[in-house]
Trainee: 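This is the structure, below, for whatever I ask next.
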Amino acid sequence: MSDLEVEYEEEQSKLYYLKYFLENSNDFLVVATTRPETLFGDTAVAVNPKDERYAHLVGKKVVLPLVGRLIDIIEDDYVDMSFGSGVVKITPAHDANDFEVGKRHNLHIIIAIDDFGKMTSNAPGLESLDRFEARKITVEKLKEADLIYKIEDYVHSVGHCYRCNTVIEPYISKQWFVKTKELAKKAISVVENDSIKFIPKHWEKTYFEWMHNIKDWCISRQIWWGHRIPAYTCKQCGEVFVSEEPMHKCPKCAGELLQETDVLDTWFSSALWPFSTLGWPDNTDDLKRFYPTSLLVTGFDIIFFWVARMIMMGMFFMKDVPFRDVYIHALVRDKYGQKMSKTKGNVIDPLDVIDKYGADSLRFTLAILAAQGRDIKLSYDQIESYRRFMNKIWNAYRFIEINTKDFKPSGITKEYSSASLWIKSRLSRTIDQVVQSLDEYKFNEAAESLYRFVWHEFCDYYIEMSKAHINKDEYSDEVKQTLLEVFEQILRLLHPFVPFISEFLWQKIPIKSGPSIMVASFPKSSSYNDALEQDFDLLIELIKAMRILRSENSIATNKKINFYLKSLNTEVEKIVQSYKKYTLLLANAKDLSIIEKDVPKSFIQPTKYGDIFLEAGENIDVEGEILRLKKVIEKAQISIDFLNKRLHNDEFVSKAPKELVEKSKRELQEAILLKENSKKRIEQLERIL
């Protein structure tokens, strides 16, 4: 395993203080360790050169507990004077740091634990026992021999295998390495000079931190499958040869050669991917055309495993970067921000999600949540929400299909309705927003722009406005043509996010060109109509106000009623009159009249919007509505009292999950707002009585 494949976890353990007696003396040094079973591999004890407590003992020897072997007292800067007693045991075969100390001091290497995690013959009386069983017996033997000074509870970081979560046992063995210092220099420079860019940029810091502190790369693995390392050892003279071509006879003595059985680290083979997949080492047409590639999309956890190695190999073999941009995608967590794990039971299986909600719903959910630099908090509620978006797209198609069934698209339109000119301008603006967001790898912003345009502007407004013209006036054919054209471009915009529904519906519409939406060109924008968009912004706000006024007063959506607008200025009045047919249609209104003078006392307006009114007397049971609102206030007050009490409870705030605390705060604000708005409406209604 690579060091990078080791994950460290905090564990409750014991710190054992052992007595190492000085040679021919009743005095002893106290040595602290969390792994007493490794003492059989000790070949020295070490102190810090600055530690005056032990300066007089450096160069002397101590007796290894339970073994009786004499080992040296050495000094090394590696020793932390504040850990334990300031004296540490050095076991070069079973600790990476001890191995480095051993190299500096030419210490012997004694293997006490084998590659199966069992004790060797160097641990008398414990041979073939599992390391953890051996720990228990070692401690008992040390107690019996009065060689334990004390035992303390101790929390420390323990390495585990990232695949199976087994505790890792450091073990010395012969391995093959690649020198990386020189390779790293060029790999660092191409990121420094922006030949390669990380998105988000802050991941460059992680990359540089690893690369500036890089160690030689252990490329050999003792596993069954993989590329065998091209090294050969002569059975007769012991000479070792490395060759690109297979070798059979020793060039030195003609003896038989044995190829190395170790295989290359998976990441070594993966590091060659950008060019090995294109025909390298041959200079193929594909290699010339596609190397370097444009973009690598990957996770932050393999920036050094894979990204850095590809850059080093690309610069070494191809003399050029393997890609221009590296997009580091988010980590998908559960709705509370916790990392998904089977142990916690919070895993969302994408195959289950696809079965229940559809692949497009899942894809779009992940895209719209993928803000740069933030992890994704995923929940079934969110996926359900964007499944409704897929339904919205489907329903838009059904409306268009039904209303353009016998229509023969010509592609030629002389005059457009105001609604069609508006939606075409909004489409152009949306295309530019999506393209810019994709160019900047802001996938969530691209998805948000599409969601807003498709659901609200196209479906909620344009489709509804089109009903004023379809089969009713001179714009009938133009509106049908626009519905088809805009929807076709919507499908092409959506295709990277929702490829299945977009392909399926694209094949059904009559104005497509080509065999598949996959090979259709991405939409291009045309000019904007800023003035018209501003007019429609006002129009849409007016329609919203009319709908809210109806909703707040519990007036059925299918009941046609009169609305009144307080005269603001001639420009606004002109806009309102110009698009009155759309306003009446979308608000289901009988009429919209301009109030030139004072607003009558019997008129009421919505709490959120001003200047739009309806007459209470003919639409509302004023006394009944006041009574209903008072009950709403009472219920809201009960919620406010309960939530205030909860949030002022220190025990709840400190112990409850953060998400529950935040939810309670949101509910409190909602209850307060509901109470305030209900009071305002009562005040309005009471003025009428």
Trainee: Any chance CD of Glu10 has more than 12 other-residue heavy atoms, nucleotides or ligands included, within less than 6.0 Å?
Mentor: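 Yes, enclosed.
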Trainee: Is the Lys NZ or Arg CZ of Lys150 less than 6.0 Å from the centre of Tyr17's six-membered ring, within 45° of the axis?
Mentor: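 Cation-pi check for Lys150 and Tyr17: passes.
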Trainee: Does anything in residues 39-49 pair up under side-chain hydrogen bond (donor to acceptor under 3.5 Å, both in side chains), and if so which pairs, sequence neighbours excluded?
Mentor: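 The answer is Tyr20-Asp42, Asp42-Lys89, Asp42-Thr91.
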Trainee: Test salt bridge (Lys or Arg N to Asp or Glu O under 4.0 Å) on Lys141 and Glu144 and set out the steps.
Mentor: CA-CA 5 Å; Lys141 286 187 174 187; Glu144 290 170 9; over 6 Å; no
Trainee: Quick one: sort the Phe275 and Trp280 rings into parallel, tilted or perpendicular, breaks at 30° and 60°.
Mentor: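 Ring orientation, 0 to 90° scale: perpendicular.
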Trainee: Find out whether Leu295 and Phe323 are in side-chain contact, i.e. whether some heavy atom of one side chain is under 4.5 Å from a heavy atom of the other.
Mentor: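 Side-chain contact under 4.5 Å: no.
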Trainee: Check this for me: does any side-chain nitrogen of one of Lys103 and Glu100 sit under 4.0 Å from a carboxylate oxygen of the other?
Mentor: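 Between Glu100 and Lys103 there is a salt bridge, with a charged N closer than 4.0 Å to a carboxylate O.
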Trainee: Do Leu366 and Leu378 touch side chain to side chain, with heavy atoms closer than 4.5 Å?
Mentor: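 Leu366 reaches Leu378 side chain to side chain.
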Trainee: Where the side chain of Glu9 meets the backbone of Asn165, is there a donor-acceptor pair that is under 3.5 Å apart?
Mentor: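 Such a contact is absent between Glu9 side chain and Asn165 backbone.
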Trainee: With a 3.5 Å distance limit and no angle check, can you tell me whether Thr38 reaches the backbone of Ala112 through a side-chain donor-acceptor pair?
Mentor: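 No; zero donor-acceptor contacts below 3.5 Å.
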Trainee: Side chain to side chain contact (heavy atoms under 4.5 Å, CB included) for His156 and Leu15? Distances and angles first, verdict last.
Mentor: CA-CA 10 Å; His156 66 133; Leu15 188 60; over 6 Å; no
Trainee: Check whether any side-chain N or O of Gln372 sits under 3.5 Å from a backbone N or O of Tyr441 as a donor-acceptor pair, and report yes or no.
Mentor: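 A pair under 3.5 Å: yes.
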Trainee: Could you go through Asp216 and Lys179, starting from their C-alpha distance and side-chain angles, then the distance that decides it, and tell me whether this counts as salt bridge (Lys or Arg N to Asp or Glu O under 4.0 Å)?
Mentor: CA-CA 5 Å; Asp216 287 342; Lys179 288 183 178 180; over 6 Å; no
Trainee: Show your reasoning for whether salt bridge (Lys or Arg N to Asp or Glu O under 4.0 Å) applies to Lys339 and Asp375.
Mentor: CA-CA 10 Å; Lys339 193 172 181 180; Asp375 287 343; over 6 Å; no
Trainee: Any chance OH of Tyr336 has more than 12 other-residue heavy atoms, nucleotides or ligands included, within less than 6.0 Å?
Mentor: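 No, the 6.0 Å shell around OH holds no more than 12 heavy atoms from other groups.
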Trainee: To the nearest 0.5 angstrom, please state how far the OG1 atom of Thr33 sits from the OH atom of Tyr154.
Mentor: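 If I round to the nearest 0.5 Å, the distance is 10.0 Å.
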Trainee: Checking Ser173 now: which residues fulfil side chain to side chain contact (heavy atoms under 4.5 Å, CB included) with it, not counting sequence neighbours?
Mentor: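 With sequence neighbours excluded, Ser173 shows a side chain to side chain contact (heavy atoms under 4.5 Å, CB included) to Tyr171, Gln175, given in chain and number order.
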Trainee: Is Gln382 reaching over with its side chain to a backbone N or O of Ser379, donor-acceptor style, under 3.5 angstrom?
Mentor: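 Yes; at least one donor-acceptor contact below 3.5 Å.
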Trainee: Rounded to the nearest 0.5 Å, how far apart are CD of Glu182 and CE of Met315?
Mentor: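 Glu182 atom CD to Met315 atom CE measures 13.0 Å (nearest 0.5 Å).
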Trainee: Just so I know, are the side chains of Lys235 and Leu258 near enough to count as touching, which here means a heavy-atom distance under 4.5 Å?
Mentor: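 Yes - at least one pair of side-chain heavy atoms lies under 4.5 Å apart.
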Trainee: Hey, mind stepping through Arg221 and Thr266 against side chain to side chain contact (heavy atoms under 4.5 Å, CB included) and telling me if it holds?
Mentor: CA-CA 9 Å; Arg221 296 290 182 271; Thr266 298; over 6 Å; no
Trainee: Are the side chain of Tyr54 and the backbone N or O of Glu75 linked by a donor-acceptor pair below 3.5 Å?
Mentor: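 Absent.
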Trainee: Please determine whether the number of non-hydrogen atoms from other residues, nucleotides or ligands lying under 6.0 Å from atom CZ of Arg53 exceeds 12.
Mentor: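 Count over threshold, so yes.
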Trainee: Can you tell me if NZ on Lys50 sees more than 12 non-hydrogen neighbours from other groups inside 6.0 Å?
Mentor: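 No, not enclosed.
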Trainee: Got a list of side-chain donor-acceptor pairs under 3.5 Å for residues 22-29, not counting sequence neighbours?
Mentor:
{"from": "Ser25", "atom 1": "OG", "to": "Asp27", "atom 2": "N", "distance (Å)": "2.9"}

Trainee: For residues 57-116, which residue pairs pass the ring pair (Phe, Tyr, Trp, His ring centres under 6.0 Å) check, not counting sequence neighbours?
Mentor: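 For residues 57-116: none.
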Trainee: Are Glu37 and Arg131 close enough for a salt bridge, meaning some N to O gap below 4.0 Å?
Mentor: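 Judged by the 4.0 Å cut-off on N to carboxylate O distance, Glu37 and Arg131 do not form a salt bridge.
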Trainee: With rounding to the nearest 0.5 Å, note down the distance linking CG in Asp115 to OG1 in Thr120.
Mentor: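 Answer for the CG-OG1 pair, Asp115 versus Thr120, is 11.0 Å.
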Trainee: Output every pair passing side-chain hydrogen bond (donor to acceptor under 3.5 Å, both in side chains) with a member in residues 62-73, not counting sequence neighbours, ordered by first then second residue.
Mentor: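 Qualifying pairs: Lys61-Asp72.
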Trainee: Run the numbers on Ile214 and Leu183 for side chain to side chain contact (heavy atoms under 4.5 Å, CB included), then give the verdict.
Mentor: CA-CA 10 Å; Ile214 199 167; Leu183 293 173; over 6 Å; no
Trainee: Which pair of heavy atoms, one from Ala44 and one from Leu107, lies closest together, and at what distance?
Mentor: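 Looking at all heavy atoms of both residues, the closest pair is CB-CD1, 3.8 Å.
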Trainee: Do the non-hydrogen side-chain atoms of Ile311 and Val190 ever get within less than 4.5 Å of each other?
Mentor: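 Answer yes - side chains close enough.
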Trainee: Could you grab the distance from atom CD of Glu204 to atom CD1 of Ile328, nearest 0.5 Å is fine?
Mentor: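 One gets 10.5 Å once the value is rounded to the nearest 0.5 Å.
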Trainee: In chain order, what residues pass the ring-ring contact (aromatic ring centres under 6.0 Å, His included) check against Phe443, with sequence neighbours excluded?
Mentor: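 So Phe443 forms a ring-ring contact (aromatic ring centres under 6.0 Å, His included) with Tyr327.
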Trainee: Under the 3.5 angstrom rule, does the side chain of Ser220 hit a backbone N or O of Trp176 as a donor-acceptor pair?
Mentor: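 Yes, because the side chain of Ser220 sits within donor-acceptor range (under 3.5 Å) of the backbone of Trp176.
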Trainee: Is there side-chain contact between Lys344 and Asp334, with at least one heavy-atom pair below 4.5 Å?
Mentor: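 Lys344 vs Asp334: side chains apart.
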Trainee: Compile the donor-acceptor pairs under 3.5 Å between side chains in residues 240-249 and protein atoms, sequence neighbours left out, one pair per line.
Mentor:
{"from": "Ser243", "atom 1": "OG", "to": "Glu245", "atom 2": "N", "distance (Å)": "3.1"}
{"from": "Ser243", "atom 1": "OG", "to": "Glu245", "atom 2": "O", "distance (Å)": "2.7"}

Trainee: Does a side chain donor of either Ser195 or Asn193 reach within less than 3.5 Å of an acceptor in the other side chain?
Mentor: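 Yes, Asn193 and Ser195 have a side-chain donor paired with an acceptor closer than 3.5 Å.
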Trainee: First locate atom CG of Leu66, then atom OG1 of Thr138, and finally report the distance between them rounded to the nearest 0.5 Å.
Mentor: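 That separation rounds to 7.0 Å.
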Trainee: With a cut-off of 3.5 Å and sequence neighbours excluded, list every side-chain donor-acceptor pair involving residues 651-662.
Mentor:
{"from": "Ser654", "atom 1": "OG", "to": "Asp650", "atom 2": "O", "distance (Å)": "2.9"}
{"from": "Ser654", "atom 1": "OG", "to": "Glu651", "atom 2": "O", "distance (Å)": "3.2"}

Trainee: In Å, rounded to the nearest 0.5 Å, how long is the span from CD1 of Ile148 to NZ of Lys143?
Mentor: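 Going from the CD1 atom of Ile148 to the NZ atom of Lys143 covers 6.0 Å.
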Trainee: Is Glu209 atom CD crowded by more than 12 heavy atoms from other residues, nucleotides or ligands, each under 6.0 Å away?
Mentor: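 Result for CD/Glu209: open.
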Trainee: According to ring pair (Phe, Tyr, Trp, His ring centres under 6.0 Å), does anything in residues 217-239 pair up with another residue at least two apart or in another chain? List the pairs.
Mentor: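 Every ring pair (Phe, Tyr, Trp, His ring centres under 6.0 Å) pair that includes a residue of residues 217-239, provided the two are not neighbours, is Trp217-Phe268.
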Trainee: Give me each pair satisfying ring pair (Phe, Tyr, Trp, His ring centres under 6.0 Å) with a member in residues 179-203, each pair once, sequence neighbours excluded.
Mentor: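 Applying ring pair (Phe, Tyr, Trp, His ring centres under 6.0 Å) to every pair that reaches into residues 179-203, excluding sequence neighbours, yields Phe198-Tyr207, Trp203-Phe300.
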Trainee: Is it the case that atom NZ in Lys319 sees more than 12 heavy atoms from other parts of the structure closer than 6.0 Å?
Mentor: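 Atom NZ in Lys319 is crowded, with more than 12 foreign heavy atoms closer than 6.0 Å.
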Trainee: Could I get the full list of side chain to side chain contact (heavy atoms under 4.5 Å, CB included) partners for Gln12, not counting sequence neighbours?
Mentor: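 Here the qualifying residues are Asp153, Val155.
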Trainee: Could you work out, with salt bridge (charged side-chain N to carboxylate O under 4.0 Å, His left out) as the rule, every residue matching Glu260, not counting sequence neighbours?
Mentor: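 Glu260: no salt bridge (charged side-chain N to carboxylate O under 4.0 Å, His left out) contacts found.
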Trainee: Decide side chain to side chain contact (heavy atoms under 4.5 Å, CB included) for Phe317 and Ser276; before the verdict, give the C-alpha distance in whole Å, the side-chain angles of both, and the deciding distance to 0.1 Å.
Mentor: CA-CA 10 Å; Phe317 287 108; Ser276 64; over 6 Å; no
Trainee: Is there a donor-acceptor contact under 3.5 Å from the side chain of Asn122 to the main chain of Ile111?
Mentor: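 Yes, Asn122 side chain to Ile111 backbone: donor-acceptor pair under 3.5 Å.
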